[in-house]
Amino acid sequence: MIVTQPVLEIYTPDGFDLWPVAEIEPFAFLPLSGSLSAAEVGTAVMRIAGCNDIDPAGDRPCRPAGALDAFLHGLLTFDHLFVAGGLRVTDTATGVTFLPGCCDGLEDWRDWHQFIDGGSLLGFGHDPVSPVAERFGDVVRLTVNAEEADSPVIELSVTQLRHLLLGVERNLADFLALTADWASGHLPDHGTLVTAALARALDSPASAETL
């Protein structure tokens, strides 16, 4: 069985206290779905906001003074948002796992659809670890590390991958529904804006009901 999940690479800064977060091993991957606990949702929102917590430049508005507004500023004002992570593909029969690479971002997860339609090589990193997706006719081959001649691989059909990507979209939609509920309780003054920004970041537009 092959399982595909949208995952977020986690890094929790020391002393973060703007809202409750879960204890997760640094640089581990947190799967995003509708089954996360409130603390895990808080961790995910913290991480996505943190990925975009960059001092303003050019004609962008200045960072606000308050700690919460300052931390959320990039998430709420950047046109193009970055989300550390990507898609994790696991073959449960062989134990092989295809992980996001250093050049990957969950915000670009729809590139997988373009890869299926276009058939060109899709790379996610560089030396020393280079995950690569290739299409050979109706077969997709995922190479865990193209830098190694004997790298583990996962092979699946194009039809199977299309089906798995539908599951990814459902997981992201369910996660956004959770964040809407979470934000209404933890960020009541920013809830709608944060939920909309997360939907943009994950390229998974929130429904009117979610907002």
Side-chain angles (χ1 to χ4, degrees), residues 1-11 22-45 47-48 51 82-125 129-148 150-179 198-199 201-206:
M1 178 179 179
I2 296 178
V3 179
T4 302
Q5 301 166 301
V7 294
L8 182 63
E9 186 178 20
I10 296 299
Y11 171 73
E23 291 291 334
I24 297 177
E25 182 180 352
F27 306 111
F29 289 102
L30 175 66
L32 300 184
S33 70
S35 62
L36 299 184
S37 68
E40 288 171 331
V41 173
T43 299
V45 176
R47 179 55 172 147
I48 297 173
C51 286
F82 169 65
V83 183
L87 300 190
R88 180 173 65 189
V89 184
T90 304
D91 186 334
T92 60
T94 64
V96 175
T97 300
F98 181 89
L99 294 172
C102 59
C103 298
D104 202 7
L106 187 51
E107 77 281 1
D108 292 326
W109 75 271
R110 289 190 186 274
D111 286 354
W112 285 82
H113 285 290
Q114 297 176 17
F115 159 72
I116 290 176
D117 294 335
S120 60
L121 181 145
L122 188 59
F124 302 96
V129 180
S130 301
V132 170
E134 299 172 276
R135 178 175 173 178
F136 301 94
D138 293 330
V139 175
V140 173
R141 179 181 298 162
L142 307 180
T143 302
V144 172
N145 185 6
E147 303 295 332
E148 299 178 351
D150 59 349
S151 170
V153 300
I154 295 174
E155 290 192 348
L156 65 163
S157 69
V158 170
T159 299
Q160 189 175 7
L161 182 54
R162 288 188 192 278
H163 177 74
L164 291 170
L165 291 177
L166 289 175
V168 168
E169 186 158 20
R170 285 193 297 270
N171 283 333
L172 291 176
D174 291 345
F175 167 71
L176 286 171
L178 276 186
T179 63
L198 292 172
L202 298 172
D203 199 3
S204 181

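All values below come from the heavy atoms of this structure, side chains included, with hydrogens, waters and symmetry mates left out. Nothing fancy with the numbering, it's 1 onward along the sequence.
Between Arg88 and Asp104 there is no salt bridge, since no side-chain N of the basic residue sits under 4.0 Å from a carboxylate O of the acidic one. One finds a salt bridge joining Arg141 and Glu155 here, because a Lys/Arg side-chain nitrogen approaches an Asp/Glu carboxylate oxygen to under 4.0 Å.
Taking 4.5 Å as the limit, some side-chain heavy atom of Phe29 sits within range of a side-chain heavy atom of Pro100. In this structure, Ile116 and Arg162 have side chains that are in contact, with non-hydrogen atoms separated by less than 4.5 Å. In this structure, Leu165 and Leu87 have side chains that are in contact, with non-hydrogen atoms separated by less than 4.5 Å. Two residues are said to be in side-chain contact when any heavy atoms from C-beta on lie closer than 4.5 Å; Asn171 and Pro6 meet this criterion. Side-chain atoms of Val144 and Thr97, non-hydrogen and from C-beta on, never get closer than 4.5 Å to each other.
Ser37 approaches Glu40 most closely through the heavy-atom pair N-OE1, 2.9 Å. Heavy atoms only, all atoms of each residue included: Val158 and Gly137 are closest at CG2-O, 3.9 Å. Counting all heavy atoms, side chain and backbone alike, Thr43 lies closest to Ala22 at OG1-N, 2.7 Å. Between Thr143 and Ser151, the closest heavy-atom pair is CG2-OG, 3.5 Å. Closest approach of Ser204 to Glu169, counting heavy atoms only: OG-O, 4.4 Å. Nearest approach of Pro31 to Leu36, heavy atoms of both residues: O-CD2, 3.3 Å.
Ring pair Phe124/Trp109: centre-to-centre distance not below 6.0 Å.
Within the model, atoms CG of Leu164 and CD of Gln5 stand 10.5 Å from one another, a figure rounded to the nearest 0.5 Å. Leu142 CG to Ile2 CD1: the interatomic distance, rounded to the nearest 0.5 Å, is 7.5 Å. From Asp108, atom CG reaches atom CG of Leu122 across 9.5 Å, with rounding to the nearest 0.5 Å. Atom-to-atom distance recorded for Leu161:CG and Thr4:OG1 is 6.5 Å, nearest 0.5 angstrom. Residue Ile154 holds its CD1 atom at 6.0 Å from OG1 of Thr94, rounded to the nearest 0.5 Å.
By the neighbour-count criterion of 12 heavy atoms within 6.0 Å, atom NE2 of His163 is sparsely surrounded, having that number or fewer from other residues, nucleotides or ligands.
Ring orientation note: the planes of Tyr11 and Phe27 are close to parallel, at an angle under 30° on the 30°/60° scale.
When the options Thr179, Val41, Leu106 are evaluated for a side-chain contact (heavy atoms from CB on, under 4.5 Å) with Leu32, the one that passes is Leu106.
Between the side chains of Ser35 and Ser33, at least one donor N or O lies within less than 3.5 Å of an accepting N or O.
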Under the salt bridge (charged side-chain N to carboxylate O under 4.0 Å, His left out) rule, what do Arg135 and Asp117 come out as? Steps first, then yes or no, please. CA-CA 10 Å; Arg135 178 175 173 178; Asp117 294 335; 5.9 Å; no
